[in-house]
Number of protein chains: 2
Amino acid sequence: MVTLTTVTDSANRADPASRSDRGEQTRTAIAAAAQELFLERGYDKTTMRAVADRAGVSIGNAYYYFASKEHLVQAFYDQIQVAHAAAAEQSLASSDKFGDRLRSVLTTWVDVAEPFHGFAGKFFKIAAEPTSPLSPFSSESRGARETSIGLFRQVVDGSDLKVPAAIRAELPELLWLLQMGVVLFWVHDSSTDQKRTRALVRQVVPLVDKLVRLSRLPGMRGVVGDVVELIRSVRP
Amino acid sequence: MVTLTTVTDSANRADPASRSDRGEQTRTAIAAAAQELFLERGYDKTTMRAVADRAGVSIGNAYYYFASKEHLVQAFYDQIQVAHAAAAEQSLASSDKFGDRLRSVLTTWVDVAEPFHGFAGKFFKIAAEPTSPLSPFSSESRGARETSIGLFRQVVDGSDLKVPAAIRAELPELLWLLQMGVVLFWVHDSSTDQKRTRALVRQVVPLVDKLVRLSRLPGMRGVVGDVVELIRSVRP
DNA sequence: AGAGAAACTTGAACACGTTCAAATGGGACG
DNA sequence: CGTCCCATTTGAACGTGTTCAAGTTTCTCT
C-alpha cells in the first residue's frame, strides 16, 4: 500500500506556525481516504460520500477542506513529485555523464508513477484544463514546476556537458518539457509495465544527448540562437 | 454566427443509403442546438435539458443520438477540421516554398479555430483523456488524424524541399505533432486574438525550415537516422 | 470564568448528467 | 386493412457533485 505524503498547502493557509492544526488531521484523513478509494476502485467509482464515510466525516466537511473532487487528486501530484525528487537525487550520485543522468531521472519518474498509471487518464484529464490549478502550466503549480525544473538543472550542472552558456541556461526548462512529453506518452501507454514508455526514454535520451552536444558545432550557432530566442519570446 | 457542418458518423450507422434518415434531422437539430448554446454560454452552463429544449426534443431523445454531453463537442472537432482543410488547401496554392506553406497551414488553423477559443479549455480537457474517442490519438479519430496528416503531406509534397527520403516520409507526421504542440499552446494562450500563438508560429516555422534543410548535411546523417528510428519504434 | 469570534462540522436540499421502461410512429408484408 | 417489427420519442426517476444555513467546538481576550 502506498503511504500518503502529507502536503500542507501553505499557499492557502497563511500562518502555519500560530494557526492551530486542529483541522489538519481531518484534512489528511480525507486525502488518505480519497487515495485509498481511488486506488481501490478508480476515480469515477469513488463517490464523495464514500470518501467522507471512510474518513469518518460528513460530506460537507470534505468540501470544507477540498474545493472539489478534482482537488483530491492534487495529493497524487504532490506525492509523485516528492517521491521522484528523492529517488532521482539518489540515482544522480552514480554518474556524471549527461546521458546517464537524464536517463535515470526520466526512468525514475516512470518507476515512481507506475502505481498510479491505472487512473492516470483521469489524472491527466483533470490537469489538462488550462484553468485548472492542477495544470502543469498554471501559476498555482509554479512551485512544483520549479522544483521539477530544478531537478533537471541538477542533471545538467552535475554533468560533464560542455555547451554554450545560452543553451545551458535554457536546458533545464527544455528537459522539463521533454519530461512532459514523456508523461503524455506514458498516459497513453497501455503496454504492460509501461514498457513502451521505458523504451521511448532509452531511445530519446541518446538522441537528446547527441543534439545537445552538436550545439557546439560552429554551423549550429544560428540554430541555437533561434531556439533560445524562441523560448525567450514564448515564455509568458 | 458559425454555421453547422453536418457530419454523419458513418462509423456508427452502418448503411446510410438504405437506412431511412428519419432521425438524421433530429440528430442535426440537437447538434446545432448544442453548438449555439455552447457558443452562447459555454460548456458548463449549457445543460442537456437546455439543448433538448432548443432542439425541440425530449432529453431522453438527445441521449438516443448522443451517448453523452461530451459527444456533442465532436461536432466542433469535425467542423474545425473541415474548415481548416478548405482554407488551407486554398492558401497552399500561393507558394511552393516549404516555410511559406507550413506557416500558412498553421496560421490558417489559428484563424479557423478562433471562434472556439472561448471554450477551448473544456474542449481540450475532454479530448485529453486517453480513453476518449475524441482524443487526437484515439483509433476513433484515426480518420480525422490521417486527413490532417495528409494536409501536411501536401505541404511537403508541393514544396521545393529537398531532403532525404527517410525524413520526407516521416515529415508529415512530425509536422502534425508540431501542430498538436501549437494547439496545446493555443489552448493556454489568453492573449487577445491569440497573438502569442501567432507569434509562436511565425518564429517556429523558420526554425523548423532550417532544421529540416540541415538534415541534408553529411554530419546530420546519424541524427536523422536516430530520429526516424525513434518515430518508427514509438509508433504503436 | 465568560463573552465573543473564528474555525470547524453537519446533513438536507439542489442541479444536472444519465438511465430506462413504456409509449408512439411508420414501414413491410400478408 | 391488420399486424408485427423496429426506429424513435418520452419524461419520470436515479446517482452524484456541490452548496448552504444552521449548529458545535475551540480559541482569545478581558
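Reminder, nothing fancy here: chain letters follow the sequence lines and each chain counts from 1.
Using modelled atom types and a 3.5 Å distance limit, the side chains of B:Ser141 and B:Ser138 yield a donor-acceptor pair.
A:Asp44 has its CG atom 16 Å from the P atom of C:dG17, to the nearest Å. The nearest whole Å value for the distance from the CZ atom in B:Phe66 to the P atom in C:dG17 is 15 Å. C:dC16 atom C1' lies 15 Å from atom CG of B:Leu37, rounded to whole Å. Between A:Arg49 atom CZ and C:dT10 atom P the separation is 15 Å, expressed in whole Å. Regarding B:Met48, its CE atom lies at a distance of 18 Å from the C1' atom of D:dG17, rounded to whole Å. Between B:Arg41 atom CZ and C:dC16 atom P there is a gap of 10 Å when expressed in whole angstrom units. Here the P atom of nucleotide D:dA7 and the CD atom of B:Gln25 are 18 Å apart, to the nearest Å. A straight line from CD1 of A:Ile126 to P of D:dG17 spans 12 Å, rounded to a whole angstrom.
Residues A:Phe76 and A:Phe119 bring their aromatic ring centres within 6.0 Å. With ring centers used as reference points, B:Phe116 lies 6.0 Å or more from B:Phe38.
Side-chain atoms of B:Leu106 and B:Leu178, non-hydrogen and from C-beta on, do get closer than 4.5 Å to each other.
Each of B:Ile59 and A:Thr47 lies near DNA chain D, and the nucleotide nearest B:Ile59 is the one positioned closer to the 5' end.
The side chain of B:Tyr63 places no N or O atom within less than 4.0 Å of a non-bridging phosphate oxygen (OP1 or OP2) of C:dC20. Neither OP1 nor OP2 of D:dT9 sits under 4.0 Å from any side-chain N or O of B:Tyr64.
Of all nucleotides listed (C:dT9, D:dG17, C:dT18), C:dT18 comes nearest to the side chain of B:Lys69. Here the nucleotide nearest the side chain of B:Asn61, chosen from D:dG17, D:dT8, C:dG17, is D:dT8.
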